[in-house]
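Residue numbering restarts at 1 for every chain, and letters A, B, ... go by the order of the sequence lines.
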2 protein chains.
Amino acid sequence: MNAPRTARERARAELTKEILTAARRQLGEVGGIGLSLRSVSRELGMASSAIYRYFASRDELLTALIVEAYNEIGAAAENADLPVADPIERWLAVWRAVREWSLANRHEFALIFGTPIPGYIAPHITVTVAGRMPLALARITSDAKRSGALIPPPGPTCDPAAIEPDMLRLLEGEEFTPGEVARLILAWNRLVGIISYELHGHLTNVTADDAAFFDYTARTEAALCGLIFD
Amino acid sequence: MNAPRTARERARAELTKEILTAARRQLGEVGGIGLSLRSVSRELGMASSAIYRYFASRDELLTALIVEAYNEIGAAAENADLPVADPIERWLAVWRAVREWSLANRHEFALIFGTPIPGYIAPHITVTVAGRMPLALARITSDAKRSGALIPPPGPTCDPAAIEPDMLRLLEGEEFTPGEVARLILAWNRLVGIISYELHGHLTNVTADDAAFFDYTARTEAALCGLIFD
DNA sequence: ACCGAAACGAGAGCACCGCTCTTGCATATT
DNA sequence: AATATGCAAGAGCGGTGCTCTCGTTTCGGT
């Protein structure tokens with residue numbers, strides 16, 4: 001990242017940021033699909049066409065918001081992880097932090113885990129930031145395995161050929177068995193899936209205490225991954 | 001339902017159906033968010049304002065499509081279930097049928113399990129049809145329990161207070177323990193969640209054989225519910 | 001210090017959207 | 001036959017993403 005040299009570059013960087021914060025603010029109100037370039041431009045007191053000097057299209061603005069959301073949910077997961085605590089506490093802390101962030105930023109959550117915007121293609125930049133949250137989960141089981149506290153329960157086996165080889169080399173330096181990787185994928189999928197259900201109202205009239213059921217879900221997935229539950 | 005008596009009523013019923021099929025066709029092309037009343041009206045060669053004689057709003061048209069989708073996915077699950085087969089075979093068959101339908105009707109799937117359309121509130125009609133698919137799953141474990149083939153493995157327990165009492169009385173005549181209900185909810189959530197991941201591209205560069213990984217997922221959830229796996 | 005090039009903001013305009021209202025005609029009811 | 005209702009069409013409103021043009025400002029090289 002180069003610091004802006006000229007006054008124009010400084011103004012451009014500032015305005016770009018202003019557009020993003022305004023868009024982020026409106027995202028929280030109307031959601032990703034309702035976000036309009038024109039209303040953002042109105043909020044900033046500029047012509048709608050001027051926005052195109054900074055973002056080539058609405059999709060490009062959305063991409064910036066998506067990257068931001070991925071980083072925030074990843075940071076929430078990482079910050080909640082205190083490597084000193086015992087594995088199950090770390091696991092629960094990360095799960096709860098991800099849920100808290102999602103409940104507080106439901107439109108941002110929908111942006112990254114909801115129905116993809118039609119015609120929108122995620123740029124390659126997003127793949128690295130998208131991995132921060134699941135990696136935080138993997139790190140916990142990795143540490144547990146190193147300390148001998150990982151005891152995966154019996155269950156159906158997953159054909160290693162069903163998983164991408166790169167995925168099997170998850171977390172360099174720490175060798176996971178294909179079965180452990182498969183269950184980590186399931187845990188990551190579960191974390192997103194149960195939050196989606198809660199946010200989309202699919203748990204209405206199903207669960208009575210969403211937080212308690214979420215904790216139960218987190219424990220169930222922890223047990224499946226081999227973390228010991230009390 | 002009364003059969004249409006007059007010619008006008010017959011024409012109205014026919015046109016209503018035509019609008020729905022045209023909308024359904026366009027849904028498969030542009031998705032729910034891209035579905036436009038005007039383009040539907042164009043396809044039918046009528047003025048856009050005429051559509052409002054049949055559907056009060058775009059939301060109402062979407063509701064009709066949502067009910068249709070719920071019924072289709074429920075029917076797919078029910079039709080795949082052959083009560084003579086052994087539980088694990090039934091379970092796999094239902095899961096696969098739901099996945100097949102979802103892959104073939106991804107926009108319809110997104111309509112019912114994706115990000116809710118902003119401002120759209122699901123009418124009460126949808127709650128009964130929405131239960132067909134999860135009930136198909138419950139029926140399998142119910143039958144297995146009756147024949148003594150349900151052996152839930154150990155794992156974290158769910159506080160019964162976290163689940164709605166009505167849910168605990170799931171499937172009248174067949175008493176489930178709170179733990180069994182909790183795991184059924186998780187299985188239902190997993191089925192939708194893993195399909196969502198596949199459809200949204202979250203499994204790209206993660207799994208190499210989506211169908212195989214899906215089968216593994218189905219077996220894992222079956223085991224969690226207490227169905228014996230080989 | 002000047003001058004061409006590039007960046008920039010504003011505005012008009014295009015084609016689209018959901019939705020409303022009015023108007024005139026066809027159908028059904030009394 | 002007269003009246004009431006159902007219906008399709010068109011115009012119109014305010015909104016959208018996006019493009020193009022037109023002056024203006026700023027920057028970099030000479």
Trainee: When the distance from CD1 of A:Ile19 to P of C:dC8 is rounded to whole Å, what number comes out?
Mentor: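 Rounded to the whole Å, the gap is 11 Å.
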Trainee: It should be established whether B:Arg12 places a side-chain nitrogen or oxygen under 4.0 Å from OP1 or OP2 of nucleotide D:dC7.
Mentor: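 Yes, because at least one side-chain N or O of B:Arg12 sits under 4.0 Å from OP1 or OP2 of D:dC7.
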Trainee: Please state how far atom CD in A:Glu14 lies from atom P in C:dG9, giving the value in whole angstrom units.
Mentor: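 My rounded result for the distance is 13 Å.
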Trainee: Let me know the distance between CZ of B:Arg53 and C1' of C:dT22, rounded to the nearest Å.
Mentor: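 Rounding to the nearest Å, CZ of B:Arg53 and C1' of C:dT22 are 11 Å apart.
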Trainee: Examine distances only and state if a side-chain atom of A:His107 and a backbone atom of A:Leu27 form a donor-acceptor pair shorter than 3.5 Å.
Mentor: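 Side chain of A:His107 to backbone of A:Leu27, a donor-acceptor pair under 3.5 Å: yes, one is there.
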Trainee: Grab the CZ-C1' distance between B:Arg10 and D:dC7 for me, whole Å please.
Mentor: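 Taking CZ of B:Arg10 and C1' of D:dC7, I get 17 Å after rounding.
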Trainee: Heavy atoms from C-beta onward define the side chain here; which of D:dA9, C:dA6, C:dG18 lies closest to that of B:Ala50?
Mentor: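 Looking only at side-chain atoms, B:Ala50 lies closest to D:dA9.
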Trainee: Can you check the B:Met46 CE to D:dG10 C1' distance for me, whole Å?
Mentor: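 It works out to 14 Å between those atoms.
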Trainee: Closest to the B:Tyr54 side chain: C:dC19, D:dA8, C:dC8?
Mentor: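 Closest nucleotide to the B:Tyr54 side chain: D:dA8.
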Trainee: Considering every strand and a 4.0 Å limit on heavy-atom distances, what is the contact class for A:Arg8: base, sugar-phosphate, or nothing?
Mentor: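 Counting heavy atoms under 4.0 Å across all strands, the contact made by A:Arg8 includes a base.
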Trainee: Specify whether B:Phe113 and B:Phe109 have parallel, tilted or perpendicular ring planes, treating 30° as the upper limit for parallel and 60° as the lower limit for perpendicular.
Mentor: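 Plane angle between 30° and 60°, so tilted.
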Trainee: Take A:Gly45 and B:Ala56, find for each the nucleotide of DNA chain C with the closest heavy atom, and name the residue whose nucleotide sits nearer the 5' end.
Mentor: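 Going by which nucleotide is closer to the 5' end, it is A:Gly45.
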Trainee: Have a look at A:Leu15 and say if it touches a base, only the backbone sugar-phosphate, or nothing, with a 4.0 Å heavy-atom cut-off.
Mentor: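 It contacts sugar-phosphate atoms only.
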Trainee: Contact class for A:Leu35 (heavy atom, under 4.0 Å): base, sugar-phosphate, or nothing?
Mentor: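 Since only primed, P, OP1 and OP2 atoms lie under 4.0 Å of A:Leu35, the category is sugar-phosphate.
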Trainee: How close or far is atom P of D:dC7 from atom CD of B:Glu18, stated in whole angstroms?
Mentor: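 Whole-Å distance recorded here is 15 Å.
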Trainee: Under 4.0 Å between a side-chain N/O of A:Arg38 and OP1 or OP2 of D:dG15, yes or no?
Mentor: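 Indeed not, no polar side-chain atom of A:Arg38 lies that close.
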Trainee: Do the side-chain N or O atoms of B:Arg42 get closer than 4.0 angstrom to the phosphate oxygens (OP1, OP2) of C:dC17?
Mentor: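 Yes.
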Trainee: To the nearest Å, how far apart are B:Glu9 CD and D:dT5 P?
Mentor: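 Nearest whole value for this atom pair: 16 Å.
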Trainee: Let's see if you can work this out: which of C:dG18, D:dC18, C:dC8 has an atom nearest to the side-chain heavy atoms of B:Ser36?
Mentor: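 Nearest to the side-chain atoms of B:Ser36, counting from C-beta on, is C:dG18.
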Trainee: Quickly work out the A:Tyr52 OH to D:dC20 P distance and round it to whole Å.
Mentor: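 Whole-Å distance recorded here is 12 Å.
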Trainee: Under 4.0 Å, heavy atoms only, any strand: does B:Ser49 hit a base, just the sugar-phosphate, or nothing?
Mentor: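 Base contact.
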Trainee: Check this for me, if you would: do A:Arg190 and B:Glu221 make a salt bridge, where the nitrogen-to-carboxylate-oxygen distance has to be below 4.0 angstrom?
Mentor: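 Salt bridge: yes.
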Trainee: Ignoring hydrogens and angles, tell me if any N or O in the side chain of A:Asn105 forms a donor-acceptor pair with the backbone of A:Glu108 under 3.5 Å.
Mentor: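 Here the side-chain-to-backbone pair does not exist.
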Trainee: Between the side chains of B:Arg25 and B:Glu29, is the shortest nitrogen-to-carboxylate-oxygen separation below 4.0 Å, so that they form an ion pair?
Mentor: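 Looking at B:Glu29 and B:Arg25, the cut-off is met.
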